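Just so it is clear, the values below take in all heavy atoms, side chains as well, and ignore hydrogens, waters and symmetry mates. In this text the structure is predicted, and so the values were computed from the model without any measurement. One-based numbering along the sequence shown.
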Amino acid sequence: MAAELRVARTDMAYDETPSQSWGRMREALRKDIGRDAFVNWIEPLEFLGPEGGIGRFVAPTSFVGTWVERNYADAVRSLLAENGMPVNRLEFSVNPVALDFKNRAAPVPARAADVAAPDSEVDLPNSPLDGRFTFENFVVGKPNELAHAAARRVAEGGAVTFNPLFLYGGVGLGKTHLMHAIAWEFRSSQPDARVLYLSAEQFMYRFVSALRFKDMHGFKEMFRSVDLLMVDDVQFIAGKDSTQDEFFHTFNALIDQQKQIVISADRAPGEIDGLEERIKSRLQWGLVVDLHPTDYELRLGILQAKAEAQSLQNPGVVIGPGVIEFLAHRISSNVRVLEGALTRLFAFASLVGREITLDMTQECLADILRASERKVTIDEIIRKVADHYTLRISDLLSARRARSVARPRQVAMYLAKMLTSRSLPEIGRKFGGRDHTTVIHAVRKVEELKLTDSQVAEDVELLRRMLEA
Ligand code: ADP
Ligand code: MG
């Protein structure tokens with residue numbers, strides 16, 4: 001071990017301890033990352049040395065270690081490499097007692113060191129916010145107006161009227177956009193407020209590392225000190241029991257303090273499988289709003305806004321008549337796909353130096369157009385049918401045979417057969433693992449009922465129109 005170290009550390013005084021050489025070389029970082037960051041994150045570290053390709057450090061709290069790892073790992077590694085200590089990665093342990101020996105006369109219990117963490121002064125571990133996701137850039141239409149209005153209200157700050165705000169909807173409908181917009185707005189109107197936006201996945205990541213580094217105290221302090229907490233894609237923690245548990249406590253603590261919480265998920269609270277009942281019901285206490293799939297008008301509005309932005313970036317590219325309308329008609333309800341299509345069109349047009357015509361659009365977007373031809377998914381069908389008959393999705397997929405459930409289930413299977421290109425076995429699987437013969441039976445039954453039962457005929461037509469809109 002010692003020999004290995006010596007060979008590696010060629011340009012270093014041999015009698016220096018790792019801690020002394022670190023003290024000397026870390027100064028280079030002060031310039032690179034700025035004084036404040038240096039004082040907050042680098043100075044508190046103690047270097048134990050490179051060992052088997054790992055740069056080992058002691059951090060005052062796991063939070064500091066995690067932060068350095070996430071933000072400065074590359075800088076620290078290149079610094080070590082420049083000083084003849086190349087390592088593949090960094091590792092941070094938390095050793096409050098050792099630190100206390102250094103900083104104070106007598107060792108104190110580990111807790112005290114945790115409490116001393118500079119939590120309230122440091123930045124919150126926000127996920128990065130996208131600069132384009134502002135209210136200004138959010139196009140409002142019927143399918144999202146309620147969600148937009150609620151988001152605006154929260155962003156204004158002021159008295160907390162509904163808590164939490166729960167936004168849900170399918171992928172690419174603007175949940176994350178609205179949450180970032182709230183964060184931007186809230187921060188600019190109340191610069192002193194502590195706003196924390198993160199994905200549920202990051203919430204879990206922080207929770208797990210707090211457990212691992214025995215820093216639950218720091219974790220709780222941090223989450224409970226915010227004025228506005230936003231957790232995106234909360235369906236992610238379904239089934240992850242201890243994370244849910246902690247989420248629940250954090251949630252309650254903040255609600256009790258009248259701090260605003262905003263949550264998003266891909267479906268309604270009641271429909272997130274694997275989410276504890278008490279959490280589901282608590283989530284429903286506030287305002288639950290869904291972002292509906294886009295309609296033609298909204299798509300048109302979004303495309304117009306995005307085309308304008310694209311034109312600014314690609315001066316000289318002209319978008320021909322009918323193209324925007326064509327796209328609004330033909331591309332599915334997911335805004336992300338719309339954006340991607342437009343970006344590609346503009347890139348292509350500026351490359352070949354031609355106007356964007358309908359022909360070019362069809363050629364350039366053939367794959368996207370093909371993919372969105374089958375734009376109705378079985379999940380959407382299930383959701384719409386459940387909605388229409390005011391049933392729970394779980395009932396629709398259950399084994400219950402009561403007519404009030406069985407009939408809508410057959411209608412849903414019928415629509416799945418008619419509106420998607422899924423095979424019978426695939427449809428059967430989607431409906432709670434049923435056999436393909438059950439699907440055949442359902443299709444026949446509904447075809448028959450459409451002729452004899454006007455209510456069924458009407459329901460099917462209405463649903464078909466809604467799904468194809
Ligand atoms: P989600 O989080 O619901 O999956 P996102 O918020 O990430 O969806 O939105 C996907 C993309 O579509 C983003 O680039 C976003 O800016 C854009 N987008 C969604 N809805 C709108 C809207 N109403 N106006 C403008 N852009 C939108
Ligand atoms: Mg999102």
Side-chain angles (χ1 to χ4, degrees), residues 142-143 146-147 166-171 173 234-235 238-239 263-293 295 333 375-420 422 424-450 452-469:
K142 256 224 153 56
L146 206 58
F166 189 99
L167 297 171
Y168 76 95
V171 73
L173 296 182
V234 84
Q235 75 275 357
I263 306 283
S264 86
D266 64 355
R267 62 202 91 163
E271 281 163 7
I272 306 177
D273 288 338
L275 199 63
E276 288 173 36
E277 283 308 322
R278 55 176 187 162
I279 298 184
K280 285 186 190 175
S281 71
R282 192 95 212 225
L283 287 174
Q284 281 157 344
W285 274 18
L287 181 65
V288 178
V289 233
D290 61 340
L291 287 134
H292 295 273
D295 57 14
S333 58
K375 58 184 173 183
V376 183
T377 65
I378 297 185
D379 288 332
E380 264 177 84
I381 293 174
I382 291 174
R383 197 150 20 116
K384 276 269 152 52
V385 171
D387 254 15
H388 180 74
Y389 292 101
T390 53
L391 292 173
R392 296 165 142 264
I393 287 179
S394 53
D395 286 331
L396 204 63
L397 304 184
S398 72
R400 285 180 52 202
R401 284 154 168 265
R403 156 112 24 125
S404 61
V405 181
R407 191 67 87 224
R409 186 185 297 133
Q410 288 174 327
V411 167
M413 287 185 193
Y414 169 83
L415 289 166
K417 181 66 197 130
M418 293 300 151
L419 304 181
T420 74
R422 294 311 174 114
L424 294 169
E426 276 176 313
I427 296 173
R429 268 199 298 281
K430 276 282 192 179
F431 281 83
R434 287 180 158 79
D435 195 76
H436 74 280
T437 54
T438 312
V439 184
I440 296 179
H441 175 73
V443 172
R444 294 214 179 114
K445 185 76 198 167
V446 174
E447 269 168 356
E448 192 186 303
L449 285 169
K450 274 175 66 185
T452 57
D453 184 334
S454 63
Q455 185 61 54
V456 171
E458 222 172 84
D459 286 349
V460 169
E461 259 329 285
L462 184 71
L463 282 161
R464 183 212 290 280
R465 256 185 286 125
M466 282 196 313
L467 284 160
E468 281 181 339

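Across all non-hydrogen atoms, the minimal contact from L167 to A147 is CD2-CB, 3.9 Å. Nearest approach of V385 to P408, heavy atoms of both residues: CG1-O, 3.5 Å. Residue V376 comes nearest to I381 through the heavy atom pair CG1-CG1, 3.5 Å, listed as atom of the first residue, atom of the second, then distance. K384 and L463 get closest at one heavy-atom pair: O-CD2, 3.8 Å. When every heavy atom of P293 is checked against every heavy atom of P143, the shortest pair comes out as O-CB, 3.5 Å. Taking both residues in full, the closest heavy atoms of A386 and L396 are given as N-CD2, 4.1 Å, listed atom of the first, atom of the second, then distance.
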Contacts under 3.5 angstrom, residues 453-460 side chains, donor-acceptor by atom type, not counting sequence neighbours:
unit_1	atom_1	unit_2	atom_2	d
D453	OD1	Q455	N	2.9
D453	OD1	V456	N	3.3
Q455	NE2	D459	OD1	3.1
D459	OD1	H388	NE2	3.2
D459	OD2	Y389	OH	2.9

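Looking at heavy atoms from C-beta onward, L275 lies out of side-chain contact with P269 at the 4.5 angstrom threshold. Residues M413 and K430 form no side-chain contact, since every pair of their non-hydrogen atoms from C-beta on lies 4.5 Å or further apart.
For the atom pair D387 CG and D290 CG, the distance stands at 8.0 Å (nearest 0.5 Å). Distance CD/E426 to NZ/K417: 10.0 Å, rounded to 0.5 Å. The line from CD1 of I440 to CD1 of I427 is 10.5 Å long, rounded to the nearest 0.5 Å. Put simply, NE2 on H292 and CG on L146 are 7.5 Å apart, with the number rounded to the nearest 0.5 Å. The structure places OH of Y168 at 11.0 Å from CG of D266, a figure rounded to the nearest 0.5 Å. Here the CG atom belonging to D395 is positioned 8.5 Å from the OG atom belonging to S404, to the nearest 0.5 angstrom.
R267 is linked by a side-chain contact (heavy atoms from CB on, under 4.5 Å) to E271, I272, counting only residues two or more places apart in sequence or in another chain. Among residues two or more places apart in sequence or in another chain, the side-chain contact (heavy atoms from CB on, under 4.5 Å) test is passed with S398 by R400, R409.
The pair E380-R383 does not count as a salt bridge, with every side-chain nitrogen at least 4.0 angstrom from each carboxylate oxygen. In summary, E461 and R464 engage in a salt bridge, as defined by a charged side-chain N under 4.0 Å from a carboxylate O.
A side-chain hydrogen bond (donor to acceptor under 3.5 Å, both in side chains) with Y414 is found for exactly one of K450, K445, R444, namely K450.
Remark: R278 CZ is packed, more than 12 non-hydrogen atoms of other residues, nucleotides or ligands lying under 6.0 Å away.
Judged purely by distance below 3.5 Å, without hydrogens or angles, the side chains of T437 and D435 pair a donor atom with an acceptor atom.
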